[in-house]
Participant: 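Below you'll find the structure I mean.
Model, not experiment: these values are computed from the prediction. In the text below, chain A, chain B and the rest are named by the order of the sequence lines, each starting its count at 1.
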Amino acid sequence: MNKLLEISNLSVVIAEDERVLVNDVSFAIEPGEAVGVVGESGSGKTLSALSILGLLARGLKIGSGEVKFQGDNLIQASDETLRKIRGNEIAMIYQDPMTALNPVMKLGDQLLEVLNSHENSIAKPREHVLEGLAAVGIPDPKRAFESYPHEFSGGMRQRVMIAMSLLLSPKLLIADEPTTALDVTIQRQILALVAKERRRRNMSMLWITHDLGVVANLVDRVIVMYAGRIVEVGTVKEIFNSPKHPYTVGLLASLPAADSSKDKLASIPGVPPKPWQVGDSCAFSPRCWKSEENCRSKRPELSDRSASAVACFFPEGSSR
Amino acid sequence: MSLKVDGVIKRYKVRAKKSTISALNGVSLEVKRGETLGIVGESGCGKSTLARLIVGLEPPTEGTLTWNEEVLGKSVRNSLKSHHSKIQLVFQDPYSSLNPRQTIGSCVAEVIKTHQLRAVDQVDSRVTELLSVVGIPMDMKNRFPHQLSGGQRQRVAIARALAAEPDLLVLDEPVSALDVSVRADVMNLLVDLKERFSLTYIFISHDLSMVRHISDEIAVMYLGRIVELGSWSEVLNSPRHPYTRALIDSIPDHTKIQGIDFENVLEGEVPDPANLPNGCAFHLRCPIAKPNCRIEVPALKVAKASHLVACPEVLK
Amino acid sequence: MKTVREKTWINYYFKSTSGIVGLFLVSVMITLSIVSAFSLAPIDPLEQNPISALQGPNSTYWFGTDQFGRDIFSRSIDGMRRSLSVAILSVSIAALVGVFLGVIGGLFGGWIDNIVVRSSDVIFAFPAILLALAIVNSLGNSWIDTSIAIAIVYTPIFIRVARGPVLTVKEMDYVKSVRVLGFSTPRILIRHLMPNVFAPIVVQIALSLSWAILTESGLSFLGLGTQPPDASLGLMVSEAQPLAAFAWWALAFPSIFITVVVVGLNLVGDGLRDALDPARRSSG
């Protein structure tokens, strides 16, 4: 099948000392597909996403691997090529919309700038921007056009960011925890908005989050990351109904259930290790109730590269 | 023993904007000994302000707070001196609530020494005991906060609060800043400690699923007022106030996958606390608002036994 | 059992090259000043010897002599001693008064803070050297008068440096937590607030010392402060100016001394800043 985005064997390292932060990550996104990447802080979920657009912070670099977008390898691409793709074919929304918007520039001008900096066939840019603002539920687009970012609440700013990212109808939207800083009722508004726009435009999406609950209702497929590696991949149904990796199982069990039981929460003891400290073992083995000698001396590889896979010697539901 | 909050109002003057922010607009509640009161609400609802008033960091503008029949003084200084050890606070962010230049052992020991809660030669063993109670191995005593993970720091913050031998612990978003896989552990610890030291909790969070897990009673706050108050089963299984319902609908639910309708989405945003709307503060977003809601501020009224709701429309 | 010992800031200080170089330069200058203070200079700095006037550097007069035949090396180290004494006294006064006022202002706010901030703004409004000139003019020329003048000029900087962090730190959760724990105000101040305000003050002291030396040199260059025949680096530069064309050493060596100590103190300041700020320390 035709992949829109294909990442293979990607690793991200600290440039100074080659310590590995993301290790051997491979996945693909098909046209129109929404993929969620779930992991805790330090799991490498955000770095993997930033690598796609070559936006890694200074001091970090891509150690190895390929990022293919519509067949072109973005890692070897020139800055000019990347610039053409950014904001145009691949757009991104961030956790904190305040830092992603220019505080001293009117919103309208910032949105127009996006159109001006990319070739496009939009005849009436101003009208296109106003339509875009209206589509994301900004109450008075004409007034918003003349406003500055600080005049808006966090939720409204995130809407503006979404409007901005959708202006050029990108094929892929990367969302880095865009609802984490928002209140729950506002988070739900934003999720509803993104779900609607995605369906309407048949756009692909990569949604990064630490909150399993958020992706459950939003994406088609889920990637679970732990200590810099993918530990499990599956459809939403597979991940939530029959998780295979003990980490996924533990994570789901540790969430207080909706049926208001007051039992002890199933907890995962310990803390996640740093990716570079793991070595040749399963990174989760020190916290895993199933771990055996094998897990500590050998690293389980992702079972296969198909749509659903797990990196565990003793996955849940398998006979031992 | 109980904590009573009676008609508490808290306003802040914002000099730069020459306006007044109404953080609390008349809050009354009671927490009985050994119970856990969960307070849930979104940003700007006043839940953290209430926490600061209860522990005496700030005085209320109006109204009274009583602890065991004793009024917590209007003067901040007094309330801190006389009640320091009985009501303690655990902050949300364990990265900023510990002094970065103090080892965790001396941070706990300092509380015991300052209030002379143990003889000098027993301080050390008490510190070890407290740290082990919260699950911190004693060989970490000499570490500095930045050498600990977020979960461990929050445990130290809890141990430090326990060192003062409190009766009431105010927990202000104690797990929100922690990694998902660590949250459950700290929640379980809190439940254990409550049993073990017969503590009373006020558990403040924006996360209804955590509040639901730990609370006996739940108060739902919106813009400085309590809009619904009752036992958790009443509030969560048969919510009456439209805001409570919206809040429950908004929790991302991992047990319902895909195909969820994003239809019952609560529109609008929380109004500015410096510029409160007339009448019911929720009427601008309320799906069942009637003209009268724009005029009259609804009082908390009994819906059923101990279940109070501030919405005349649902009580009809 | 493994006990983890925190590396102190001293360990971190000696990891930075600029810190080590700075400390070396400053130590050399301080040692020379001490030599001069105990009258151990090779030749009396005031002794005039017309026969050997304006000699270039040689084995007797290491830095050469001036137009009165006085030994420039001895005069330079004597001048350095004076400059350092003035700098240390003035910065001590400025730091004590400034930090006290800054902490009080930041802590209590309100009208106290207003007075502190406004009055330091007034002092800030004047160029440092001009203000020092005016004060020395009205006070007198002794080294103590010079020190007081320089202290007044640099006090507002310490007010700012102390007040800012106090404002930030007093709102930190850990200060609030110890308030809830019922600790007394002096205890919170000394144990929890000041240690976290300390670092920028120490750095400021190192930097201010170098500025104070420049100001003192400037004052004596202009004929205020140290009076002839006493030696002062600024005065020496001033006196050597007309001779520069044929006796470069009379101008060069005092200037080099000023430069070395100022650069040294600045490097020490940089080193301290990096060592005292946990965020700037490289991990590991």
Participant: How long is the gap from CG on B:D249 to OG1 on A:T185, to the nearest 0.5 Å?
Facilitator: 11.0 Å
Participant: Could you state the interatomic distance from CZ (B:R183) to CG (A:L251), rounded to the nearest 0.5 Å?
Facilitator: 10.0 Å
Participant: If you round to the nearest 0.5 Å, how far is CG of A:L255 from NE2 of B:H213?
Facilitator: 11.5 Å
Participant: By a 4.5 Å heavy-atom criterion (distance strictly below it), what part of A:Q187 contacts chain B: side chain, backbone, both, or neither?
Facilitator: side chain
Participant: Identify which of B:S43, B:S149, B:G41 forms the greatest number of heavy-atom pairs closer than 4.5 Å to chain A.
Facilitator: B:S43
Participant: Nearest 0.5 Å, what's the CG-OG distance between A:L265 and B:S209?
Facilitator: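 The OG atom of B:S209 is 9.0 Å from CG of A:L265, to the nearest 0.5 Å.
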Participant: Of all heavy-atom pairs between B:D179 and A:E40, which one has the smallest distance, and what is that distance?
Facilitator: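 Closest heavy-atom pair between B:D179 and A:E40: CB-OE1, 3.0 Å.
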Participant: Quick one: which of B:G268, B:S233, B:G44 has the most heavy-atom pairs under 4.5 Å with chain A, could you say?
Facilitator: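 It is B:G268.
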Participant: Given B:L247 and A:V184, is the side chain to side chain contact (heavy atoms under 4.5 Å, CB included) satisfied, shown in steps?
Facilitator: CA-CA 7 Å; B:L247 212 52; A:V184 281; 3.6 Å; yes
Participant: When heavy-atom pairs shorter than 4.5 Å are enumerated against chain B, which of A:P139, A:S254, A:S41 gives the highest number?
Facilitator: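 Among A:P139, A:S254, A:S41, the one with the most close pairs to chain B is A:S41.
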Participant: Is A:A253 in contact with chain B via its backbone, its side chain, both, or neither, using a 4.5 Å heavy-atom distance?
Facilitator: neither
Participant: Would you mind telling me which of B:M187, B:R285, B:Q152 has the largest number of heavy-atom pairs within less than 4.5 Å of chain A?
Facilitator: B:R285
Participant: Quick check for you: among A:P269, A:S153, A:P272, which has the greatest number of heavy-atom pairs under 4.5 Å with chain B?
Facilitator: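 The answer is A:S153.
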Participant: Given heavy-atom pairs under 4.5 angstrom as the criterion, report whether the side chain, backbone, both or neither of B:V191 touches chain A.
Facilitator: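 Interface part for B:V191: neither.
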Participant: Please state whether the side chain, the backbone, both or neither of B:D207 comes within less than 4.5 Å of a heavy atom of chain A.
Facilitator: neither
Participant: Locate the shortest heavy-atom distance separating B:S181 from A:R287; write the atom from each residue and the value.
Facilitator: OG-NH2, 2.9 Å
Participant: CG of A:D183 to CD of B:E269: how many Å apart, nearest 0.5 Å?
Facilitator: 9.0 Å
